[in-house]
Asker: 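Attaching a single structure in structure tokens format; questions to follow.
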Amino acid sequence: MKQWLGMPVAGALLLSACVTINVYFPAAEAKEAAREFVEKVINEADKVEMKDPSAPAGGMAALGTRIRSDLSGFDPWVLVGIGSAQAQSAPDISLKTPAIQSIQSRMESRFNATLRAGFDSGALGFTADGLVTVRDAGKLELKDRVAMNAAVADDNRDRKAVYREVAVANGHPEWESQIRDVFARQWIASARPGWWYESGGSWKQK
């Protein structure tokens, strides 16, 4: 009788924990974090709306603070069994980690030194999967093509790395593809007038 009662309960608890971990993805917070990251790399801070310093912080970094506040009056015994799994499913790590900041700094420097000219000329474009590609090499001077190709390759390595680091920093490596998708949409959303981006299998210009 004990075995008959215990197994379904244990299975239900395990299933509940798994569903909590796999389903919950803070899309709104991820979008805000991506916007802040992308705008800093593109480096036109004067065009980015300044936030009220008295307003609550946004992005995934603020999510942990809100979670801790919401749980301040919560009975900890309710967390027994599946509590630890549910707590681990919520992001509670700032994007301002040394690894992410280092990647962001490299990308910002590279964009200003090389890639911006490629986007302005129409040679480069943002791909639908969050990378950069040489869309039209004919827009580049012959002497500049090797350097531009190298910069694109370096930038794509950093892009893949940052999508992975953001997921890992927030305790959910399995979110990498979702993080990448959010960033891919943000690169396109932040593209300046005249820049090219991939959408629906074809190239479009802002």
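We count residues from 1, following the sequence as given.
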Asker: Do you know which two heavy atoms are closest between K160 and E176, and how far apart they sit?
Answerer: O-OE2, 4.3 Å
Asker: One thing to verify: whether D158 and R110 come together as a salt bridge, which I'm taking to mean a side-chain N less than 4.0 angstrom from a carboxylate O.
Answerer: yes
Asker: Show which residues join W203 in its hydrophobic cluster (side-chain heavy-atom contacts under 4.5 Å, direct or indirect), or state none.
Answerer: W196
Asker: Under the salt bridge (Lys or Arg N to Asp or Glu O under 4.0 Å) test, which residues partner R135, sequence neighbours left out?
Answerer: none
Asker: Any donor and acceptor pair, going by atom type alone, linking the side chain of K206 with main-chain N or O of A191 inside 3.5 Å?
Answerer: yes
Asker: With sequence neighbours excluded, what pairs up with R157 under the salt bridge (Lys or Arg N to Asp or Glu O under 4.0 Å) test?
Answerer: D154
Asker: Hydrophobic cluster mates of L131, side-chain heavy atoms under 4.5 angstrom, ILVMFWY only, any path?
Answerer: none
Asker: Are the side chain of D155 and the backbone N or O of A151 linked by a donor-acceptor pair below 3.5 Å?
Answerer: no
Asker: Under the side chain to side chain donor-acceptor pair (under 3.5 Å) test, which residues partner D181, sequence neighbours left out?
Answerer: R185
Asker: Rounded to the nearest 0.5 Å, how far does CZ of F37 lie from OG of S190?
Answerer: 12.0 Å
Asker: Who passes side chain to side chain contact (heavy atoms under 4.5 Å, CB included) against S109, sequence neighbours left out?
Answerer: none
Asker: When you measure from the centre of the six-membered ring of W195, is the NZ or CZ of R116 under 6.0 Å away and within 45° of the axis?
Answerer: no
Asker: Between N43 (side chain) and F111 (backbone), is there a donor-acceptor pair under 3.5 Å?
Answerer: no
